Amino acid sequence: MFFNQVLNMRILLIHADRFSFRVTGETSVAMASELQKASPESEATECLVVFMAAEKGDEADVDSVVKQVTKEVLSLADQVGTSHLVVYPYAHLSSRLSSPRVAVRLLDEICRQLLRQRRIKVLRAPFGYYKSFEIACKGHPLSELAKTITPEKSTKASADAEESEALKAEKTLESEWIIITPDGKQVSVEDFSFATRPNLERLFRYEKSGTRVSDQAPPHIELMRRMELVDYEPGADPGNFRWYPKGQLMKRLAETYVSGLVIDHGGMPVETPIMYDYQHPKLSLYLQRFPARQYVLLSGEKEYFLRFAACFGQYLIQHDMQISYNHLPCKLYELTHYAFRREQSGELAGLKRLRTFTMPDLHTLVKDADQAKEEFLRQTDLAIQCMEGFELDFEVAIRFVRDFADQNRQFIEKLASCCSRPALIELWDERFFYFVAKLEFNFIDALDKAACLSTVQIDVENTERFDITFVDKKGEKQHPLLLHASISGSIDRVMYAILETQAIRISKGEKATFPFWLAPIQLRLIPVSEKFDVACKQVLEKVPYRIDYDDRDITMGRKIRNAEREWIPYILVLGAKEVAEQCLNVRTRDGAQRKMTLHELLAEIEPQTKEKPFLDLPLPQSLSRRPIFVG
RNA sequence: GCCGGCGUAGCUCAGGGGUAGAGCAACUGAUUCGUAAUCAGUAGGUCGCGGGUUCAAAUCCCAUCGCCGGCUCCA
């Protein structure tokens with residue numbers, strides 16, 4: 001029933017001794033731009049003429065069709081031994097034509113792809129004009145070939161169509177929006193006073209209208225470069241970044257922290273492949289539920305896609321496991337390093353949205369709805385703890401299928417209380433996706449845009465789809481429910497949120513500062529002159545944190561300025577006074593200067609590192625020996 | 001992906017059909033310095049890449065890549 005939504009391409013290929021055409025008049029869909037791309041009259045000899053017509057469809061499939069048409073055409077050109085192609089729009093191949101816009105785009109794209117091949121010459125006839133033509137077909141067995149190209153397999157096509165129907169339905173259907181306060185009171189968004197929760201109001205507006213007002217780049221982009229953390233890599237696909245030592249250190253710390261929380265929580269770490277067989281029956285079904293955003297990889301004759309999450313890898317393990325009700329809840333965890341999503345180029349935005357990213361992915365099998373709810377609450381707590389560790393503020397959005405919400409009022413109240421802040425609830429009348437409940441922690445950035453970080457979801461679909469079972473008390477096989485959780489969201493996105501938080505601080509006239517445990521350089525030691533080298537070395541040895549040493553031949557004012565610009569939490573100055581008094585002059589981010597002994601300083605720092613991971617300085621300790629990555 | 005803007009030294013940017021510019025950073029020297037920029041000097045550029053127009057192109061035109069913004073999207 002959805003097949004008429006699918007974009008097909010009909011092509012007729014003729015190997016000709018000679019082919020010529022001439023424009024004779026405009027059709028109703030003529031466009032002037034066509035005559036700039038293709039001449040009104042031309043001829044070719046010893047060529048392969050490609051007549052083509054695009055059928056009714058959905059432009060989401062253009063990529064796939066272009067790819068297949070190109071492949072077919074090049075393959076036949078190769079077989080008949082010609083490198084001269086004529087691309088000729090020929091509406092008469094179909095009675096259900098696509099829109100002219102899509103047709104022209106297809107033509108353009110096909111020509112572009114063909115021209116990428118070395119040695120191939122392409123002659124293109126204009127779209128939207130009546131043309132006369134003459135052709136001398138060679139008449140050998142391969143000289144005439146007609147094909148209908150559909151995007152991938154027809155099953156995929158119908159599933160895609162189904163998905164796009166679901167997405168459309170979701171858009172047209174009004175969601176109901178409610179605010180729930182930590183004490184469990186529910187009010188409509190209209191009746192809720194957002195005065196004390198401006199960010200929750202921003203989240204709601206963002207969700208409801210999707211409009212953006214910004215004309216600026218997100219400030220974290222400048223910061224990620226200036227702080228020598230992360231940078232664009234022009235030599236890679238867009239959305240794939242390079243990480244400098246300081247950024248890589250922060251990322252590693254964040255990863256270690258998140259993984260530690262999840263493993264303590266009972267997640268069993270696994271590692272799964274990053275690429276999967278496109279034709280695997282279960283995976284291809286799963287893929288088809290979503291718009292095509294995969295990296296596809298050709299290995300010999302086979303096609304693979306790069307994972308966009310760790311879900312399948314874990315499903316495939318769970319499918320093969322022997323699990324009884326005694327083992328539930330059963331939690332598999334992977335720090336998905338990496339997940340790949342080939343987002344449209346215009347959707348990429350610094351560290352907020354990437355094509356290659358790292359995310360913690362926890363999948364919990366539970367025996368029944370009660371256990372699902374119990375785990376959901378525990379994992380929500382864990383996500384809150386995680387956000388606190390990163391010192392990130394966030395707003396809560398909870399989405400439910402209405403039936404689920406109606407049957408689980410008490411659970412929803414507990415969830416609201418657990419979040420200890422007003423939360424936005426969205427109710428759907430029908431289930432569009434695999435989940436019946438989804439919790440999100442959204443970060444509101446310096447430009448008032450929202451980005452989802454932590455998420456917990458109850459999946460009611462995939463254990464059946466992937467035939468994941470457990471044996472219950474009676475010895476019978478059952479499909480468990482499944483919880484998806486990413487307690488921090490993508491690590492890259494956590495970095496974005498941390499940097500945007502600093503940008504917000506700066507815009508308020510405050511000083512930016514990383515959480516101490518994440519600061520790439522935690523302390524900097526500045527000697528008043530090189531005479532104090534020995535005293536400095538003694539201090540360096542006694543500090544068990546990431547401390548470095550500004551031994552460059554520049555003035556102290558300059559050194560202080562440099563250290564401040566790097567947001568270093570503690571700046572230690574050491575000169576004659578300090579040596580005489582056996583102490584340090586300590587400058588902190590608030591601008592205060594204090595005289596402290598090393599012992600006092602370490603005692604002050606210690607609580608800030610509690611239960612947080614530590615990694616050594618990944619750079620030369622002396623600034624005189626440290627290269628510059630950016631600037 | 002579509003529409004728009006941008007791309008000049010390591011960084012931030014000015015310039016604009018006729019010898020390629022500044023500040024910062026780097027390097028050399030002087031200075032040995034007390035809390036956000038010491039002084040002087042040196043070096044550094046196929047003006048994103050590819051075509052075209054022109055006696056002459058960084059500058060104008062076309063195409064392409066990248067970044068940013070808007071739309072769309074965000075499993």
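Both backbone and side-chain heavy atoms feed into the values below; hydrogens, waters and symmetry mates do not. If you're wondering where the values come from, they're calculated on a predicted model, not measured in any experiment. A, B, ... follow the sequence lines: proteins, then strands. Residue 1 opens every chain.
- A/Asp467 and A/Tyr315 share no side-chain donor-acceptor pair at under 3.5 Å.
- For the P atoms, the distance linking B/U28 with B/G21 amounts to 26 Å, nearest Å.
- Residues passing the side-chain hydrogen bond (donor to acceptor under 3.5 Å, both in side chains) test with A/Arg226: none are found, sequence neighbours excluded.
- With salt bridges taken as basic N to acidic carboxylate O contacts below 4.0 Å, none links A/Arg342 and A/Glu347.
- Taking only side-chain nitrogens and oxygens, A/Ser345 comes nearer than 4.0 Å to OP1 or OP2 of B/G1.
- Of the N and O atoms on the side chains of A/Asn562 and A/Arg565, not one donor lies less than 3.5 Å from an acceptor on the other residue.
- Looking at heavy-atom distances under 4.0 Å, A/Gly350 makes contact with sugar-phosphate atoms alone, never a base.
- Using a 4.0 Å heavy-atom distance criterion, A/Ala563 is classed as making no nucleic acid contact.
- Note on A/Ile526: nothing from the nucleic acid sits closer than 4.0 angstrom, heavy atoms only.
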Polar-atom pairs under 3.5 Å, protein N or O versus N or O of nucleotides 11-13 of chain B: list them with distances, or write none.
{"unit_1": "B/U12", "atom_1": "OP1", "unit_2": "A/Arg225", "atom_2": "NH1", "d": "3.2"}

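- If you check every strand for non-hydrogen atoms under 4.0 Å, A/Glu578 touches a base.
- Consecutive Watson-Crick or G-U pairs involving RNA chain B, each under 3.5 Å on both distances, make up stems of three or more pairs at B:1-7 with B:65-71, B:10-13 with B:21-24, B:26-30 with B:38-42, B:50-52 with B:60-62.
- Separating the C1' atom of B/A43 from that of B/A20 is a span of 16 Å, rounded to the nearest Å.
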Provide a list of protein-nucleic acid N or O atom pairs under 3.5 angstrom, restricted to nucleotides 36-46 of chain B.
{"unit_1": "B/A36", "atom_1": "O4'", "unit_2": "A/Arg561", "atom_2": "N", "d": "3.4"}
{"unit_1": "B/A36", "atom_1": "N7", "unit_2": "A/Arg587", "atom_2": "NH2", "d": "3.3"}
{"unit_1": "B/A37", "atom_1": "N7", "unit_2": "A/Arg561", "atom_2": "NH1", "d": "3.1"}
{"unit_1": "B/A37", "atom_1": "N6", "unit_2": "A/Arg561", "atom_2": "NH2", "d": "2.7"}
{"unit_1": "B/A37", "atom_1": "N1", "unit_2": "A/Arg561", "atom_2": "NH2", "d": "2.7"}
{"unit_1": "B/U38", "atom_1": "OP1", "unit_2": "A/Thr555", "atom_2": "OG1", "d": "3.4"}
{"unit_1": "B/U38", "atom_1": "OP1", "unit_2": "A/Arg558", "atom_2": "NE", "d": "2.9"}
{"unit_1": "B/U38", "atom_1": "OP1", "unit_2": "A/Arg558", "atom_2": "NH2", "d": "3.1"}
{"unit_1": "B/U38", "atom_1": "OP2", "unit_2": "A/Thr555", "atom_2": "OG1", "d": "3.0"}

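- Along RNA chain B, the nucleotide nearest A/Lys531 and the nucleotide nearest A/Arg493 are compared for position; the residue whose nucleotide lies closer to the 5' end is A/Lys531.
- Residue contacts shown for A/Pro234 are absent, as no nucleic acid heavy atom lies under 4.0 Å away.
- Remark: A/Tyr304 engages no residue in a ring-ring contact (aromatic ring centres under 6.0 Å, His included) (not counting sequence neighbours).
- Between B/G50 and B/C55, the distance separating the two P atoms is 23 Å to the nearest Å.
- Side-chain contact between A/Cys583 and A/Met596: absent, with no pair of heavy atoms (C-beta onward) separated by less than 4.5 Å.
- Neither OP1 nor OP2 of B/G69 sits under 4.0 Å from any side-chain N or O of A/Lys352.
- The P atoms of B/A30 and B/G18 are separated by 44 Å, rounded to the nearest whole Å.
- With salt bridges taken as basic N to acidic carboxylate O contacts below 4.0 Å, none links A/Glu564 and A/Arg524.
- Atoms CG and OG1, from A/Leu306 and A/Thr356 in turn, are 8.0 Å apart once rounded to the nearest 0.5 Å.
- Test A/Glu578, A/Glu600, A/Glu581 against A/Lys595 for salt bridge (charged side-chain N to carboxylate O under 4.0 Å, His left out) and you get one pass: A/Glu581.
- Counted by atom type alone, A/Glu426 and A/Trp428 present one or more donor-acceptor pairs between their side chains at under 3.5 Å.
- For A/Tyr496, the ring-ring contact (aromatic ring centres under 6.0 Å, His included) partners are A/His220, A/Phe443, not counting sequence neighbours.
- Contact check on A/Asp551 versus A/Arg625 returns no salt bridge, with no Lys/Arg side-chain nitrogen under 4.0 Å from an Asp/Glu carboxylate oxygen.
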